[in-house]
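A quick write-up on the structure given underneath.
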Amino acid sequence: MRVRFAPSPTGALHIGGARTALYNWLAARHAGGTFVLRIEDTDRERSTPENVEQILDALRWLELDYDEGPIFQSQRADRHREVIEQLLAGGHAYRSNAAAEDVRAYKDRHGADRGFRGEPEETGAVRLRVPDDGATVVRDLIRGETAFQNVHMDDAVIARADGTPLYNLAVAVDDLDAGITHVIRGDDHYSNTPKQLLVLQALGAEQPVYAHLPLLHGPDGKKLSKRHGAASVQELRDAGYLPEAVRNYLALLGWGDVDDETIIPTAELVKRFELERVQKNPARFDEKKLRWMNGRYIRELPVADLTQRLEDYLHRDGKLGGAVFAAREKIQTLADFWPLVGPIYDGPVDDARAREQWLDEAGRAVLAAAREVLAEVPEWDTGHLDEALRRVVEQRSAKPKHVFQPIRVAVVGTTVSPGIFETLELLGRDETLRRLDAALVNTR
RNA sequence: GCCCCCAUGGUCUAGAGGCCCAGGACGCCGCCCUUUCAAGGCGGAGAUCGCGGGUUCGAAUCCCGCUGGGGGUACCA
């Protein structure tokens with residue numbers, strides 16, 4: 001099996017493209033085949049080196065490695081020209097100056113469902129000669145066989161008047177030359193497939209196996225775009241998702257195993273993936289489920305690994321160890337981490353509501369009592385802190401909450417933080433006492 | 001307009017004629033645990049399997065129509 005992922009570098013790699021890449025990769029790895037990367041950069045204006053780098057970067061982050069390429073379509077111009085000449089010489093294509101309005105006029109005369117047929121001219125764009133009878137049948141692993149009646153098809157333009165190739169010619173030739181056996185791509189290419197098949201036929205080539213993946217939609221059912229939140233791989237990374245979680249989630253968007261399990265590590269995905277089981281209808285990208293899944297992956301990561309990921313993500317070196325242990329049960333993305341533990345390092349945040357609710361007279365009394373006990377704790381670790389503060393709870397015959405919350409608000413400024421003992425341990429005795437004192441002074 | 005594809009709870013899906021008056025997951029609601037928030041555990045609401053016809057002893061599963069959604073229809077990819 002030889003498959004390819006062939007993005008056009010017109011911007012960041014979107015989630016839909018990422019899933020296409022994933023499915024190609026999974027199919028190749030499952031079958032022990034070869035995964036080829038081809039960059040379709042024939043659209044000169046939009047295909048910039050920066051855009052190419054963005055795509056390579058996204059694939060790297062997703063850890064989808066390819067075996068061959070990247071092949072740049074733009075560098076195959078000579079071969080494309082050669083094939084165009086061959087088709088022209090063989091009578092499979094002809095030159096024509098017919099424009100869009102000519103095609104429309106033709107349909108007005110012959111019927112809307114009648115494909116355009118042009119007259120050969122000396123110059124002009126190159127059009128494929130489509131037969132009037134018969135049908136071109138696409139064999140697709142996901143959709144089965146579909147017969148496209150040739151009468152309905154226009155004589156497709158396969159090269160510009162200047163001789164440069166158009167998509168339907170270039171893909172067909174490039175896939176053929178690369179020995180691609182399975183073309184796995186988005187459904188938006190489905191209707192154009194017969195044109196490519198006709199090119200292949202004219203070249204006397206076999207048709208590859210196709211697998212057209214249903215498109216991905218946003219939560220509102222519309223085409224996925226910026227306003228749906230994280231829409232590109234870069235944005236997913238910036239939002240603090242783990243690549244292994246993204247792979248798992250994306251794999252399940254449009255594909256399901258018989259077991260119907262949800263958390264499936266990549267190695268297991270490779271083992272189970274089958275193109276035949278890909279869903280036919282489009283799926284919606286639901287970030288809530290990704291968040292949940294990401295949390296699961298975060299909690300399965302050893303603390304040392306998670307620490308490394310957080311340090312990379314936050315561009316911070318070292319000193320996060322204890323905080324990671326304290327926070328890992330409470331975060332779903334890497335981005336959730338700092339808002340939770342940041343106040344421990346950066347100082348209390350300013351949450352007026354929290355202060356009002358917990359640092360009233362009763363709260364301050366708790367603080368004063370806690371301060372005394374904490375000043376005397378023999379060892380500054382969670383065990384001793386636990387013991388000491390429980391004593392305060394008993395002495396005051398208060399609910400634990402009414403002792404812990406004022407302390408929390410005093411040291412981090414708000415009602416949410418890691419466990420109070422872990423928080424204090426990370427703070428250290430001196431800083432804890434300083435913050436308690438500050439709270440007592442400021443709220444008087 | 002024309003051509004093509006698709007259709008299971010809000011979302012992702014399992015289901016390939018009787019095992020299904022439809023199972024799992026996310027989300028939502030409640031309870032438990034509990035120092036906050038989470039995590040975790042338990043439970044619940046939520047689908048006449050888009051609608052209407054067939055075929056069959058029997059249909060989510062097969063056929064037809066309709067409706068809805070999507071894609072294509074560029075000298076873009």
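Numbered from 1 within each chain, the chains take letters A, B, ... in sequence-line order. When reading the values below, keep in mind they use all heavy atoms of this one structure, side chains included, and skip hydrogens, waters and symmetry mates.
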With respect to A:Val199, which candidate in A:Asn168, A:Val171, A:Leu169 satisfies the side-chain contact (heavy atoms from CB on, under 4.5 Å) definition?
A:Leu169

Name of the residue among A:Leu197, A:Val183, A:Leu176 meeting side-chain contact (heavy atoms from CB on, under 4.5 Å) with A:Gln207
A:Leu197

Mind checking if A:Thr146 touches a base, just sugar-phosphate, or nothing, with heavy atoms under 4.0 Å?
sugar-phosphate

Under a 3.5 Å limit for both distances, which nucleotide forms a Watson-Crick or G-U wobble pair with [N], could you say?
{"N": "B:rU56", "result": "none"}
{"N": "B:rC26", "result": "B:rG10"}
{"N": "B:rG1", "result": "B:rU73"}
{"N": "B:rG40", "result": "B:rC32"}
{"N": "B:rA16", "result": "none"}
{"N": "B:rG65", "result": "B:rC51"}

In whole angstrom, give the distance that lies between atom [atom1] of [X] and atom [atom2] of [N].
{"X": "A:His217", "N": "B:rG10", "atom1": "NE2", "atom2": "P", "value": "18 Å"}
{"X": "A:Lys330", "N": "B:rC33", "atom1": "NZ", "atom2": "P", "value": "17 Å"}
{"X": "A:Asp102", "N": "B:rA74", "atom1": "CG", "atom2": "P", "value": "13 Å"}
{"X": "A:Glu329", "N": "B:rU35", "atom1": "CD", "atom2": "C1'", "value": "16 Å"}
{"X": "A:Arg353", "N": "B:rU36", "atom1": "CZ", "atom2": "P", "value": "17 Å"}
{"X": "A:Ile298", "N": "B:rA38", "atom1": "CD1", "atom2": "P", "value": "16 Å"}
{"X": "A:Lys288", "N": "B:rU11", "atom1": "NZ", "atom2": "P", "value": "13 Å"}
{"X": "A:Leu215", "N": "B:rG69", "atom1": "CG", "atom2": "C1'", "value": "12 Å"}

Between the base of B:rG24 and the side chain of A:Thr262, is there a donor-acceptor distance below 3.5 Å?
no

Pick the [atom1] atom in [N] and in [M], then give their distance to the nearest Å.
{"N": "B:rA39", "M": "B:rG1", "atom1": "P", "result": "48 Å"}
{"N": "B:rU11", "M": "B:rC28", "atom1": "C1'", "result": "12 Å"}
{"N": "B:rC21", "M": "B:rA59", "atom1": "P", "result": "12 Å"}
{"N": "B:rG58", "M": "B:rC12", "atom1": "P", "result": "33 Å"}
{"N": "B:rG69", "M": "B:rC33", "atom1": "C1'", "result": "45 Å"}
{"N": "B:rU36", "M": "B:rG44", "atom1": "C1'", "result": "26 Å"}
{"N": "B:rC49", "M": "B:rC20", "atom1": "C1'", "result": "10 Å"}
{"N": "B:rC63", "M": "B:rA7", "atom1": "P", "result": "11 Å"}

Electrostatic pair A:Lys107-A:Asp154, nearest N-O below 4.0 angstrom
yes

Could you tell me whether A:Asp174 and A:Arg4 have a side-chain N and a carboxylate O separated by less than 4.0 Å?
no

With a 6.0 Å cut-off (strictly less than), is the heavy-atom count around CD of A:Glu300, excluding the residue itself, greater than 12?
yes

Count the heavy atoms of every other residue, nucleotide or ligand shown that sit under 6.0 Å from CD of A:Glu361, and state whether that count exceeds 12.
no

Could you tell me if the side chain of [Y] sits less than 4.5 Å from the side chain of [X], heavy atoms only?
{"X": "A:Tyr241", "Y": "A:Leu290", "value": "yes"}
{"X": "A:Val36", "Y": "A:Ile180", "value": "yes"}
{"X": "A:Arg117", "Y": "A:Val130", "value": "yes"}

Reading RNA chain B from 5' onward, which residue's closest nucleotide shows up sooner: A:Arg296 or A:Ala147?
A:Ala147

Hey, which sits more toward the 5' end of RNA chain B by its nearest nucleotide, A:Trp292 or A:Asp386?
A:Trp292

side-chain N/O A:Arg328 vs B:rA38 OP1/OP2, d < 4.0 Å:
no

Would you give me the side-chain donor-acceptor pairs under 3.5 Å for residues 380-391 of chain A, sequence neighbours excluded?
{"from": "A:Trp380", "atom 1": "NE1", "to": "A:Leu424", "atom 2": "O", "distance (Å)": "2.8"}
{"from": "A:Asp381", "atom 1": "OD1", "to": "A:Gly383", "atom 2": "N", "distance (Å)": "3.2"}
{"from": "A:Asp381", "atom 1": "OD1", "to": "A:His384", "atom 2": "N", "distance (Å)": "2.9"}
{"from": "A:Asp381", "atom 1": "OD1", "to": "A:His384", "atom 2": "ND1", "distance (Å)": "2.9"}
{"from": "A:Asp381", "atom 1": "OD2", "to": "A:His384", "atom 2": "ND1", "distance (Å)": "3.3"}
{"from": "A:Asp386", "atom 1": "OD1", "to": "A:Arg390", "atom 2": "NE", "distance (Å)": "2.9"}

From the set B:rG40, B:rG71, B:rU36, return the single nucleotide nearest to any side-chain atom of A:Lys401.
B:rU36

Under-3.5 Å N/O pairs linking protein and nucleotides 75-77 of chain B:
{"from": "B:rC75", "atom 1": "O2", "to": "A:Ala161", "atom 2": "N", "distance (Å)": "2.9"}
{"from": "B:rC76", "atom 1": "OP2", "to": "A:Arg160", "atom 2": "NE", "distance (Å)": "2.7"}
{"from": "B:rC76", "atom 1": "OP2", "to": "A:Arg160", "atom 2": "NH2", "distance (Å)": "3.1"}
{"from": "B:rC76", "atom 1": "O2'", "to": "A:Asp43", "atom 2": "OD2", "distance (Å)": "2.9"}
{"from": "B:rA77", "atom 1": "OP1", "to": "A:Thr42", "atom 2": "OG1", "distance (Å)": "3.2"}
{"from": "B:rA77", "atom 1": "OP1", "to": "A:Arg160", "atom 2": "NH2", "distance (Å)": "3.4"}
{"from": "B:rA77", "atom 1": "OP2", "to": "A:Tyr167", "atom 2": "N", "distance (Å)": "3.0"}
{"from": "B:rA77", "atom 1": "O3'", "to": "A:Glu40", "atom 2": "O", "distance (Å)": "3.4"}
{"from": "B:rA77", "atom 1": "O3'", "to": "A:Glu40", "atom 2": "OE1", "distance (Å)": "3.4"}
{"from": "B:rA77", "atom 1": "O2'", "to": "A:Ser8", "atom 2": "OG", "distance (Å)": "2.8"}
{"from": "B:rA77", "atom 1": "N6", "to": "A:Asn192", "atom 2": "ND2", "distance (Å)": "2.8"}

Between the side chains of A:Tyr249 and A:Asn294, does any donor sit under 3.5 Å from an acceptor?
no

Cation-pi check for A:Phe116 against A:Arg114: NZ or CZ below 6.0 Å from the six-membered ring centre and within 45 degrees of the axis, yes or no?
no

Distances under 3.5 Å between nitrogen or oxygen atoms of protein and nucleotides 12-16 of chain B:
{"from": "B:rC12", "atom 1": "OP1", "to": "A:Arg284", "atom 2": "N", "distance (Å)": "3.0"}
{"from": "B:rC12", "atom 1": "O2'", "to": "A:Leu252", "atom 2": "O", "distance (Å)": "2.8"}
{"from": "B:rC12", "atom 1": "O2", "to": "A:Lys289", "atom 2": "NZ", "distance (Å)": "3.2"}
{"from": "B:rU13", "atom 1": "OP1", "to": "A:Gly254", "atom 2": "N", "distance (Å)": "2.5"}
{"from": "B:rU13", "atom 1": "O2'", "to": "A:Asp260", "atom 2": "OD1", "distance (Å)": "2.7"}
{"from": "B:rA14", "atom 1": "OP2", "to": "A:Gln279", "atom 2": "OE1", "distance (Å)": "3.0"}
{"from": "B:rA14", "atom 1": "O4'", "to": "A:Asp260", "atom 2": "OD2", "distance (Å)": "3.3"}
{"from": "B:rA14", "atom 1": "O3'", "to": "A:Arg277", "atom 2": "NH2", "distance (Å)": "3.4"}
{"from": "B:rG15", "atom 1": "OP1", "to": "A:Arg277", "atom 2": "NH1", "distance (Å)": "3.1"}
{"from": "B:rG15", "atom 1": "OP1", "to": "A:Arg277", "atom 2": "NH2", "distance (Å)": "2.9"}
{"from": "B:rG15", "atom 1": "OP2", "to": "A:Arg277", "atom 2": "NH2", "distance (Å)": "3.4"}

